[in-house]
Each structure stands twice: as structure tokens, then as C-alpha cells.
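Below is one structure, written out as C-alpha cells; the observations come after it.
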Amino acid sequence: MMNNGNEISHHTKLYGFIGEYAAQSSMSATLNKLFKAQNKNAMMIPMNIREDDFFFTLSNMKKSHVNGALISNEYVKNALEILDEASEAVKRSGMCDILIRDEQKLIGDIVGMRVLKEFLENKNAKKVALIGVGSRAKAFSFFANGFDISYFYDDLEKLMNFTKEIGAVNADINRIAEGMDIDLSSYDAVVDFSDFDTLDMISGLSALNIDMKQKKEFSALKVRANEMGAAYIGFDDMLDEISSAVFEFLKNKKHLEHDKSDMRF
């Protein structure tokens with residue numbers, strides 16, 4: 001178990017939280033509390049990495065004592081070219097937010113969208129408005145069986161291609177663009193994975209409005225939710241859920257089998 005000073009020994013399993021502003025997030029501290037509570041000699045270290053240094057950092061991880069990493073939103077698409085193996089969800093979505101090192105191989109997967117799916121299920125959300133057609137929208141759709149999803153984007157052709165690509169049969173597709181009046185208040189949850197600069201066209205939000213963005217990231221959904229007095233949920237509001245999911249992921253990958261001084265690289 002980590003001692004009171006959170007010191008690292010040569011037995012400690014090290015993981016990184018990689019992002020441009022990783023040190024300004026409480027992600028690592030939250031997971032480290034869980035490692036300590038579960039008697040695991042493991043630690044996550046925030047790693048502030050510029051985009052120009054991302055590839056170099058991951059390449060060096062293959063021969064380092066860092067056993068894996070959680071990847072911040074801004075870099076989830078950057079990791080794919082360095083992975084040696086990837087889960088089906090990574091291959092289909094084009095994003096990776098967690099990876100582990102197996103000797104000198106990096107193996108990528110997705111944990112954040114699993115967390116979002118379980119979070120929505122625990123809130124009894126059934127009807128979801130999904131905004132966006134990018135990799136995070138694809139990843140969420142990969143895990144989102146059981147939800148009644150309506151899809152929104154400003155370009156209907158891209159939206160139709162998106163729903164075809166994810167295999168959504170008879171999908172409910174809707175255009176959302178500036179100058180329109182879009183009321184989403186009838187949905188149990190609004191999930192925004194778009195790149196929109198504004199969501200001023202939304203006249204009604206739901207009880208759950210989520211984009212899983214960190215505090216340093218601009219969030220059009222957060223701006224609109226604040227303007228309307230609606231609830232907003234970002235990455236930092238889900239740290240406990242994300243930490244638990246990362247812990248279970250590492251445990252299932254046999255990375256946390258040994259406690260205290262029995263830990264080995």
C-alpha cells in the first residue's frame with residue numbers, strides 16, 4: 001500500500017494520466033485514493049504533455065517502468081498510431097482513452113464511454129439525445145445498447161453516414177444548427193460530443209446534460225446549461241465513477257494482483 005507520503009518504490013506499479021493540463025485535474029489523486037484504500041501498491045501520475053511530445057512519450061513508454069496510461073480527451077485520437085493491439089471498440093470508433101503495457105507492447109481500449117453508459121443506466125435514463133458524429137460519439141454508440149437514441153448534427157449527410165457506419169437501423173436523425181429552435185427537454189439525457197462553438201439553438205435541455213469535458217476544455221454545453229439554469233455534468237463531476245472503472249479495468253487485466261511488496265513489474 002502507498003505510504004502516507006505517497007512515496008514510490010521500485011515495487012510500485014506506475015500509471016500516467018496524459019493530457020495537456022493533466023496536473024490541474026484531480027483524476028490522479030482520486031484514483032490514488034482508491035489504490036490506497038484497496039491496499040494496492042500502485043500510483044497514477046499526472047503527465048502534462050504537449051501534442052508535439054505525445055507520440056514520443058507513448059513510444060518511450062514501451063521500454064519504461066510505466067505500466068499504462070489514462071488519456072485525456074484532447075489526445076484520444078492521437079494514440080491509435082502507436083498502439084500494438086486495440087480492442088474492437090477502439091478499432092470501430094477511432095479513439096483510445098486507456099492503454100496498458102504488456103512487455104514492450106501497448107494495448108489500447110476505451111473506459112470513459114463504459115462509465116457514461118453505466119452512469120446513464122444508474123440514472124434510469126432511457127431516451128438520449130446524442131449530438132455529434134466524431135470518434136467519441138462512435139465510441140458511445142458502440143456501448144450504448146438499450147438506449148433509445150436520437151442523433152443530432154448540423155450536416156445531415158454526415159449524420160446519415162454516421163448512423164450507417166455504427167449500424168443504427170431506422171435511426172432518428174435530426175438537424176441541429178444555428179438559427180433553429182431545438183427543444184431537448186423531453187429526453188432523459190443530452191450527450192454532446194460535437195465540436196460546436198455554440199448551442200444557442202437549444203431552447204430546452206434535459207435533467208442530465210453531459211459532455212465529459214475537463215475544466216480546461218471549452219464546453220458549449222456547459223455554457224448553454226448555465227445560461228438556462230440546467231444541470232451540467234463534465235469529466236470532473238464523474239471522477240469517482242471513472243476512477244472505479246479504471247481500477248476494475250486494471251484489475252481485470254491482472255495488473256493489480258499483488259499487494260504491497262509482492263507487486264512486480
Side-chain angles (χ1 to χ4, degrees), residues 15-25 27-28 44 46-62 66 68-102 105-117 130-144 149 151-155 157-159 161-168 191-197 210-222 234-236 238 242 245-246 249:
Y15 300 92
F17 176 44
I18 298 177
E20 187 174 3
Y21 304 104
Q24 297 183 37
S25 169
M27 180 66 240
S28 298
M44 176 167 279
M47 302 170 65
N48 283 3
I49 303 296
R50 298 178 305 175
E51 185 172 7
D52 291 345
D53 297 325
F54 182 84
F55 188 87
F56 176 78
T57 300
L58 257 62
S59 297
N60 283 348
M61 190 177 294
K62 293 185 176 185
V66 178
L70 184 67
I71 300 172
S72 184
N73 288 334
E74 63 268 27
Y75 296 146
V76 294
K77 293 191 291 185
N78 298 48
L80 272 67
E81 58 184 309
I82 193 64
L83 295 178
D84 298 289
E85 296 178 17
S87 69
E88 188 64 24
V90 170
K91 293 175 183 177
R92 290 194 184 186
S93 67
M95 66 161 279
C96 166
D97 64 7
I98 193 167
L99 58 86
I100 56 173
R101 178 178 61 80
D102 181 4
K105 294 192 301 181
L106 295 182
I107 304 171
D109 210 330
I110 297 173
V111 68
M113 298 305 139
R114 289 190 175 98
V115 172
L116 178 55
K117 174 181 182 288
L130 175 62
I131 308 172
V133 296
S135 59
R136 293 204 298 163
K138 289 179 184 178
F140 174 71
S141 299
F142 181 87
F143 293 107
I149 302 179
Y151 303 89
F152 292 81
Y153 197 56
D154 59 351
D155 187 322
E157 183 176 354
K158 289 182 179 179
L159 187 57
N161 290 337
F162 169 82
T163 54
K164 183 178 180 180
E165 186 176 349
I166 64 174
V191 176
D192 177 29
F193 289 142
S194 73
D195 55 358
F196 294 162
D197 294 326
I210 306 171
D211 61 10
M212 297 188 74
K213 287 188 174 180
Q214 297 180 52
K215 292 179 180 179
K216 279 290 185 178
E217 294 181 88
F218 171 75
S219 168
L221 182 63
K222 183 178 181 179
F235 180 89
D236 296 275
M238 301 177 69
I242 296 168
V246 171
F249 176 87

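Everything numeric here is computed off the predicted structure, so don't read it as measured data. Worth knowing before you read on, the calculation uses all heavy atoms, side chains too, and leaves out hydrogens, waters and symmetry mates.
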* Distance from Lys138 atom NZ to Ser93 atom OG, nearest 0.5 Å? -> 8.0 Å

* Taking Asp109 for its side chain and Ser87 for its backbone only, find out whether a donor-acceptor pair lies under 3.5 Å. => no

* Do we get Lys216 above Tyr21's six-membered ring, with its NZ or CZ under 6.0 Å from the centre and within 45° of the axis? -> yes

* Heavy-atom closest pair, residues Val111 and Ala245 -> CG2-CB, 3.6 Å

* Asked: Does some side-chain heavy atom of Ile110 sit less than 4.5 Å from a side-chain heavy atom of Phe142?
  -> no

* Can you tell if the side chain of Leu58 reaches within under 4.5 Å of the side chain of Asn78, non-hydrogen atoms only? -> no

* Structure fact -> Value for CE (Met47) from OH (Tyr15), rounded to nearest 0.5 Å, stands at 14.0 Å

* To do: Kindly give the heavy-atom pair with the smallest separation between Ile18 and Ala69, and that separation in Å.
  => CD1-CB, 3.8 Å

* Validation row: Leu116, Phe143 side chains within 4.5 angstrom (heavy atoms) -> no

* To do: Calculate, to the nearest 0.5 Å, the distance between atoms CG and CD1 belonging to Asp154 and Ile131 respectively.
  => 11.0 Å

* **Phe140 side chain near Ile210 side chain, heavy-atom distance below 4.5 Å** => no

* Approximate separation, where rounding is to 0.5 Å, of Ser25 OG and Phe235 CZ -> 5.0 Å

* So Tyr75 and Phe54, would you call those rings parallel, tilted or perpendicular, with 30° and 60° as cut-offs? -> tilted

* Selection residues 89-100 - residue pairs positive for salt bridge (charged side-chain N to carboxylate O under 4.0 Å, His left out), sequence neighbours left out -> Glu88-Arg92

* Which pair of non-hydrogen atoms, one from Ile71 and one from Cys96, has the smallest distance, and what is that distance? -> CD1-O, 3.8 Å

* So with a 6.0 Å cut-off around NZ of Lys222, is the heavy-atom count from everything else above 12? -> no

* To do: Would you name the heavy atoms of Ala137 and Gly132 that are closest together and state the gap between them?
  => CB-O, 3.6 Å

* Less than 6.0 Å separating the ring centroids of Phe218 and Phe196? -> no

* Asked: Any side-chain heavy atom of Asp211 sitting closer than 4.5 Å to one from Glu217?
  -> no

* Kindly give the heavy-atom pair with the smallest separation between Gly16 and Val66, and that separation in Å. => N-CG1, 4.1 Å

* Can you run down the salt bridge (charged side-chain N to carboxylate O under 4.0 Å, His left out) pairs that involve residues 53-62, sequence neighbours left out, and say none if there aren't any? => Arg50-Asp53, Lys62-Asp84

* How long is the gap from NZ on Lys213 to OG on Ser219, to the nearest 0.5 Å? -> 5.5 Å

* Asked: Counting N and O atoms only, with roles assigned by atom type, does the side chain of Glu74 sit under 3.5 Å from a partner on the main chain of Glu20, one being a donor and the other an acceptor?
  -> yes

* Search all heavy atoms of Leu130 against all heavy atoms of Ser141 and return the closest pair with its distance. => CD2-OG, 3.6 Å

* Would a 4.5 Å heavy-atom cut-off, applied to side chains only, mark Ile82 and Met61 as touching? -> no

* Asked: Considering only heavy atoms from C-beta outward, does the side chain of Tyr151 approach that of Phe162 to under 4.5 Å?
  -> yes

* Asked: Would you say the side chain of Met113 lies within less than 4.5 Å of the side chain of Arg136, judging by non-hydrogen atoms?
  -> yes

* Asked: What distance separates Asn73 CG from Phe193 CZ, expressed to the nearest 0.5 Å?
  -> 8.0 Å

* Asked: Ile242 and Met212: side-chain contact (heavy atoms from CB on, under 4.5 Å), yes or no, with the steps?
  -> CA-CA 10 Å; Ile242 296 168; Met212 297 188 74; 4.3 Å; yes

